Amino acid sequence: MDAHVDTVQFAIADIARHRLDPAAALDFVSDPGFGGIAMFVGKVRAQNLGREVVGVSYDMFDPLALAVFAQAAEEARALVGPRLKLHVSHAKGRLGVGDLAVVVAAGTPHRDEAFRACRLMIEKVKHQAPIWKQEHYLDGDSVWSEGCSLCEGHAHDHD
Amino acid sequence: MDAHVDTVQFAIADIARHRLDPAAALDFVSDPGFGGIAMFVGKVRAQNLGREVVGVSYDMFDPLALAVFAQAAEEARALVGPRLKLHVSHAKGRLGVGDLAVVVAAGTPHRDEAFRACRLMIEKVKHQAPIWKQEHYLDGDSVWSEGCSLCEGHAHDHD
Amino acid sequence: MKIELNLFGALRQYTPAAAVTLEVADDARVADVRTALRAHAEAYWPGFHSGLLARSAFASETTVLREGEPVPADGRMAVLPPVSGG
Amino acid sequence: MKIELNLFGALRQYTPAAAVTLEVADDARVADVRTALRAHAEAYWPGFHSGLLARSAFASETTVLREGEPVPADGRMAVLPPVSGG
């Protein structure tokens, strides 16, 4: 990451103190030489698998999450080339319906690279980063999501 | 479009009076039932085909542009289903480097549909909407971009 | 019939008004309008490149018109050079 | 050697501290730690589902560890149930 220190930005936002900021993400990945920015914003949904959700709590193993984001950024750079700026931020703590859970943004000279880099990053965040979601339901129950195993042979076993 | 009047938003922003607003686009396509929002933001680049660009002017045939956006929205709905909110806004007039030229946002329950709908919309904006870009160069020269012919048999002949 | 063509993009440079009024047969098709506009351009537009018109489409306010379609009843059309939005 | 395991996600529910200290052989591999944790869990965690541990990975602060890798020198590892970020 040292060689790309001004072109990648990762953040874990403890929602007791910080909010995710899509506008700041757009600003960060902007560049006079870039024409295309693709962004993904994940929000807490009011329903999941037929149950009424009132909120979610995200748990995270911070140092490894940041290492996974950095590795994903290297893969994105290998995929679309060096003219790339990336932002990844993920909320940690308890969120309500409609709150921002994750923001990914990718800026590149042209749009195809931006879409591909953005998609790669959100897939890594979803499938490989050590982040866990616990859903809180209207009936008072709470359940940890099933998720994707990080064990060998279990890669991408669940979406 | 009548049946989806609250779920699609199209705007032509005469930059003498209006600015494109990605945050407002995100808000518009948000919904308690939606977990994923994909957005594309196009900005004016400082270089194109090796020439130094100082600005661009966008010309537009407004009524047909809005009709093309509406038709594209119907195609997106056919592609990903009815649980979809879309925003498309495009600047008109003279822009400087780094200014926003286009914003497309798509909100859906899950991320794959959001990415696909967003990509479809920006491709339609680029290839089928009656919008023309004139680039202004550092040396004082101005040139209309080559573009995609809308004639029969010429579809997608240029990117 | 009298038709009014509004010009866009690179076609604007040929005439300050960005519009041309032409006379065509009452049963004219889009292809006939294209032929009439080409003749007008070759006569009155200095430096006109016919390749640009060949790649341009004709449209109403709601749709791109195919070559065999009749001219819209109100005689108003837009001439659209290759597009470059986004 | 003494190892300290930090627990995340659904594994947090089994112990208020979200951490477990175990004793393993000095040359223990990750697979040995998995075996030791399973024995501990079956002994001390009411309602423990072994399927969850089977699908959990062990990691240092910088990488997921494979089953055949040695325990990190500092004896600290994280136990990661299936992830569900985003």
Side-chain angles (χ1 to χ4, degrees), chain A residues 20-27 29-49 52-56 83 95-116 118-123 125-127 133 135 145 159, chain B residues 20-27 29-49 52-56 83 95-116 118-123 125-127 133 135 145 159:
Chain A
L20 301 191
D21 186 344
L26 283 180
D27 283 347
V29 302
S30 292
D31 185 281
F34 293 176
I37 296 172
M39 185 155 80
F40 178 80
V41 175
K43 294 191 172 194
V44 177
R45 273 183 298 151
Q47 301 93 24
N48 195 31
L49 305 175
E52 203 70 21
V53 174
V54 294
V56 306
R83 299 186 66 193
L95 303 177
V97 170
D99 284 350
L100 301 186
V102 61
V103 175
V104 173
T108 60
H110 300 283
R111 71 187 177 289
D112 185 61
E113 289 83 353
F115 274 105
R116 288 192 292 144
C118 183
R119 189 69 194 260
L120 181 149
M121 294 303 291
I122 186 62
E123 298 303 320
V125 169
K126 295 246 181 193
H127 294 135
K133 178 168 65 179
E135 291 184 330
S145 293
D159 185 7
Chain B
L20 302 189
D21 187 344
L26 283 181
D27 282 348
V29 302
S30 292
D31 185 280
F34 293 177
I37 296 172
M39 183 155 79
F40 178 79
V41 174
K43 294 192 172 194
V44 177
R45 272 184 298 150
Q47 301 93 27
N48 195 27
L49 305 175
E52 204 69 22
V53 174
V54 295
V56 306
R83 298 187 65 193
L95 303 179
V97 170
D99 284 350
L100 302 186
V102 60
V103 174
V104 173
T108 61
H110 299 282
R111 71 187 178 287
D112 186 61
E113 290 82 354
F115 273 105
R116 288 193 292 144
C118 182
R119 188 68 192 261
L120 181 149
M121 295 303 290
I122 186 62
E123 298 302 321
V125 169
K126 296 246 180 191
H127 294 135
K133 178 168 65 177
E135 290 184 328
S145 292
D159 185 8

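We name chains A, B, ... by the order of the sequence lines, and we start the count at 1 in each one. Keep in mind it's a predicted model, so treat the numbers as computed, not measured.
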TODO: Give, for atom CZ of B:Arg111 and atom CZ of A:Arg119, the distance between the pair rounded to the nearest 0.5 Å.
DONE: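 The distance works out to 6.0 Å.
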- [ ] Mind checking the CG-NZ spacing from B:Leu95 to B:Lys43? Nearest 0.5 Å is all I need.
- [x] 12.0 Å
TODO: Output the residues of residues 96-110 of chain A for which the shortest heavy-atom distance to chain B is under 4.5 Å, in residue-number order; output 'none' if no such residue exists.
DONE: A:Val97, A:Pro109, A:His110
Open item on the list: Quick check for you: among A:Gly33, A:Pro32, A:Cys118, which has the greatest number of heavy-atom pairs under 4.5 Å with chain B?
Closed with: A:Pro32
Open item on the list: Classify the ring geometry of B:Phe40 against A:Phe115: parallel below 30°, tilted from 30° to 60°, perpendicular beyond 60°.
Closed with: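 The rings of B:Phe40 and A:Phe115 lie parallel, inter-plane angle below 30°.
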TODO: Grab the two heavy atoms, one from A:Asn48 and one from A:Arg45, that are nearest each other, plus how far apart they are.
DONE: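 Nearest pair, atom of A:Asn48 first, then A:Arg45: OD1-NH2, 3.2 Å.
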TODO: Measure across A:Val53 and A:Gln47 and return the closest heavy-atom pair with its distance rounded to 0.1 Å.
DONE: CG2-C, 4.0 Å
Open item on the list: For a 4.5 angstrom cut-off between non-hydrogen side-chain atoms, does B:Glu113 reach B:Arg83?
Closed with: no
TODO: State, yes or no, whether a side-chain contact exists between A:Met39 and A:Leu26 at a heavy-atom distance under 4.5 Å.
DONE: yes
Open item on the list: Please classify the contact of B:Ala23 with chain A as side chain, backbone, both or neither, using a heavy-atom distance under 4.5 Å.
Closed with: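 Contact with chain A involves no heavy atom of B:Ala23 at all.
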Task: Proximal component of B:Asp112, with respect to chain A [non-hydrogen, under 4.5 Å] - done: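 Both backbone and side chain of B:Asp112 come within 4.5 Å of chain A.
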Find the one option among [options] whose heavy-atom pairs under 4.5 Å with chain A are most numerous.
{"options": "B:Pro22, B:Ala114, B:Gly36", "value": "B:Gly36"}
{"options": "B:Val41, B:Val44, B:Ile122", "value": "B:Val41"}
{"options": "B:Gly35, B:Ala46, B:Ser30, B:Ala38", "value": "B:Gly35"}

